[in-house]
Number of protein chains: 2
Amino acid sequence: MSVTNPVSALIQPLGEMPPESVVFGSTDAMHALRERLAKIAGANVPVLIQGESGTGKDIIARMIHVSSPWKTGPWVKVNCPAIPGTLLESELFGYEKGAFTGAYGSKPGRVEMAHRGTLFLDEISELDMALQSKLLQLLQDGQFCRIGAQEDKRVEVRVVCATNRKLEEEIINGTFRSDLFYRINVVNLHIPALRERSSDIPQLVSYFIEHYNRRFNGRAPMPSAELMKALMRYHWPGNIRELENLMKRYVILGSEDSISGDLRPHEPDLFSADIPVDGQVSLKKITRQAVRELERKIILKVLQHHHWNRKQAAKALNISYRALLYKIRDAGLPSNRTPRSGAHEDAQAAVNETAAAD
Amino acid sequence: MSVTNPVSALIQPLGEMPPESVVFGSTDAMHALRERLAKIAGANVPVLIQGESGTGKDIIARMIHVSSPWKTGPWVKVNCPAIPGTLLESELFGYEKGAFTGAYGSKPGRVEMAHRGTLFLDEISELDMALQSKLLQLLQDGQFCRIGAQEDKRVEVRVVCATNRKLEEEIINGTFRSDLFYRINVVNLHIPALRERSSDIPQLVSYFIEHYNRRFNGRAPMPSAELMKALMRYHWPGNIRELENLMKRYVILGSEDSISGDLRPHEPDLFSADIPVDGQVSLKKITRQAVRELERKIILKVLQHHHWNRKQAAKALNISYRALLYKIRDAGLPSNRTPRSGAHEDAQAAVNETAAAD
DNA sequence: TCCGATTTGGCTCTCCGGATGCACGTCAGT
DNA sequence: ACTGACGTGCATCCGGAGAGCCAAATCGGA
């Protein structure tokens with residue numbers, strides 16, 4: 001999982017991908033995933049890949065590409081959060097001369113570049129509303145429009161999206177369009193977290209050690225049984241990427257001690273709202289958390305209903321304006337929001353276009 | 001003008017539209033809708049289409065267009081929320097050279113492009129007030145004015161609007177002009193949600209399966225009776241679009257298991273974040289209620305785990321013994337004593353009995 | 001039957017988090 | 001410049017949660 005510059009490097013070195021057996025391991029869930037992938041690769045339908053950060057979503061996406069009929073076509077990856085709002089649109093859809101100050105020439109967007117190939121949108125949850133709409137149109141009828149252009153263009157692209165968040169929640173929060181979700185969620189690949197398939201860890205470990213031994217001319221031996229056990233017990237918040245980096249360090253430093261310190265055991269999950277009968281769990285904290293959560297949902301809903309007019313919302317909620325602000329703040333909701341359409345700040349970027357949704 | 005181009009794209013492959021029988025199904029409400037549509041298509045009056053997201057408002061709108069006398073004219077669709085505020089105006093009405101910085105040339109708007117054709121405004125509730133006014137003028141006397149232009153222009157367009165919100169409420173909220181509403185609401189087509197016409201689902205399912213079998217060279221059989229029942233029970237928040245995508249997935253993946261997981265029945269969440277949109281229902285009350293509910297569950301569980309020993313339970317919950325008693329009381333939990341040798345005719349025992357004992 | 005332990009309810013008192021009102025500054029539209 | 005909505009800081013106030021105390025009820029055991 002070479003982390004390259006998110007946007008450049010269009011045609012990525014596919015050769016660096018680890019062999020299939022390593023990617024998938026031997027867990028049931030991953031077997032199912034592999035089969036599913038084989039089935040869907042050939043059909044030109046959008047794919048949504050969901051999985052925690054570091055689970056290798058980009059590798060899966062690339063595998064979809066190379067096993068599809070468009071494998072000879074371009075492979076274009078766009079890492080959405082890496083590009084600030086306004087630029088992302090021009091990056092994706094391109095622009096015509098004079099579309100905005102500084103646009104002296106015209107430029108094709110990534111979407112066009114991906115014609116007859118695969119367009120991979122990483123972290124799609126980060127797209128702002130306006131771009132979501134444009135993307136939706138692209139998915140609905142294969143059309144899009146450069147910024148500042150008069151007419152629509154038509155492309156054929158296979159779209160693969162990835163995210164590490166639960167889009168369902170984003171929809172409830174109002175930060176993701178539900179119609180876009182239904183559109184990209186035709187096929188859903190959920191990649192389990194590494195800790196959920198710890199039986200694959202030995203295989204991965206040996207692969208990485210071998211790989212880095214070769215690359216660094218190392219002689220690091222297989223880890224001891226105890227260390228392997230520790231590796232399997234660890235909960236890997238960074239998933240495979242973390243494992244890979246740890247193995248890299250192990251090979252370079254060459255001693256087990258140098259990494260065993262990082263494997264501190266399973267910290268107590270503070271957010272498990274469930275009712276852990278066993279240990280002491282302050283009821284206060286749980287209820288507090290729950291109240292926050294609930295308030296957040298309600299406030300969000302009411303605010304949306306009132307077009308983010310806080311005064312009205314506060315009145316509707318029967319709390320003081322000031323209190324609502326408090327709650328909004330510590331609910332982590334956007335504290336500055338232009339009233340409509342969710343699109344803020346960019347004065348003049350996005351132009352044009354029908355985009356879909358009914 | 002280059003109108004033809006954008007519009008060429010807009011003259012969409014209507015061939016891809018499902019046959020009428022599928023769009024409408026056999027529900028009474030949809031029959032009525034079809035008749036109504038036939039009646040109004042020919043008259044040059046504005047139409048307002050209301051229906052949840054994904055119910056196929058755009059298809060209906062297109063059907064209006066193709067069955068109207070202007071079917072040879074352009075079909076122009078504008079998705080309002082896709083375009084941030086200021087730009088939408090130039091997009092809709094066009095601008096003259098020099099109207100604002102960056103306007104080096106003049107540009108016709110979508111309204112002009114739709115001359116002698118149909119203009120479809122999707123999600124019209126997202127229009128801001130200023131544009132609502134301009135649109136109102138257009139509807140009233142067929143005139144509009146490019147940004148920066150001196151004189152008005154005149155066009156003949158059939159205007160069709162769609163929204164998934166209740167405009168009546170928007171009016172009350174002051175976010176939609178009532179006069180515009182009356183103007184576009186001359187004919188009102190309300191499209192029922194899919195869940196409200198579940199008897200159409202089998203027909204739709206078979207249509208989609210056939211369609212996608214053909215497109216993907218699939219061999220997916222009709223779903224089993226149980227699956228069909230599940231499909232009809234599901235509440236389809238994404239309406240037809242969701243159904244379509246689910247069927248797509250079914251055809252591609254080829255197994256019922258691959259989709260049955262998505263049909264989980266309408267679970268009302270742990271403590272649902274429901275209602276408050278309607279009237280002003282205080283937030284406090286709701287949260288209070290929710291907290292009670294949650295506390296009740298937790299306390300019950302902890303108590304059971306501790307064999308109804310309140311002292312231990314209180315300690316486990318990190319609250320004072322006394323406080324636990326309070327909570328137990330106003331959670332309506334059995335406040336009786338060791339239920340063992342009940343020489344006591346407690347009204348509400350019922351619960352514990354067997355539980356305690358040791 | 002009596003004594004101590006445990007449980008429970010009722011009653012205050014205190015304390016703190018959250019809610020409020022007010023003042024002031026900012027920003028955008030007019 | 002004026003207005004209205006929004007954001008922030010500050011002093012204040014309120015109510016509910018918690019703690020402490022006491023009395024009554026009940027049980028176990030002698």
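To find a chain, count down the sequence lines: A is the first, B the second, and so on, and within it residues start at 1.
In this structure, the side chain to side chain donor-acceptor pair (under 3.5 Å) partners of B:E156, at least two apart in sequence or on a different chain, are B:R116. Under the rule for a salt bridge (Lys or Arg N to Asp or Glu O under 4.0 Å), B:R183 has no partner lying at least two apart in sequence or in another chain. In this structure B:N188 satisfies the side-chain contact (heavy atoms from CB on, under 4.5 Å) test together with B:L48, B:Q50, B:N185, B:H190, sequence neighbours excluded. In this view, B:S133 and B:R177 satisfy the side-chain contact (heavy atoms from CB on, under 4.5 Å) rule, not counting sequence neighbours. Residues meeting the salt bridge (Lys or Arg N to Asp or Glu O under 4.0 Å) test with A:E126, sequence neighbours left out: A:R165. For B:Y321, the side-chain contact (heavy atoms from CB on, under 4.5 Å) partners two or more places apart in sequence, or in a different chain, are B:R310, B:K311, B:A314, B:L325.
Distance, B:I328 CD1 to C:dT8 C1': 10 Å, rounded to whole Å. Per the geometry, CG belonging to B:L325 stands 18 Å off P belonging to D:dC22, to the nearest Å. Between the CZ atom of A:R310 and the P atom of C:dC27 there is a distance of 15 Å, given to the nearest Å. In this entry the distance linking CG of A:N309 with C1' of C:dA28 reads 15 Å, nearest Å.
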Do nucleotides 18-24 of chain C as a string where each nucleotide becomes B, S or -: B if the base has a protein heavy atom under 4.0 Å, S if just the sugar-phosphate does, - if no protein is that close.
SSB----
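With a 3.5 Å limit on both pairing distances and Watson-Crick or G-U wobble geometry required, the stems of 3 or more pairs in DNA chain C span C:1-30 with D:1-30.
A cation-pi geometry, defined here as NZ or CZ lying under 6.0 Å from the six-membered ring centre and within 45° of its normal, holds between A:K134 and A:F93.
Identified under the salt bridge (Lys or Arg N to Asp or Glu O under 4.0 Å) test for residues 137-146 of chain B, with sequence neighbours left out: B:E96-B:R146, B:E112-B:R146.
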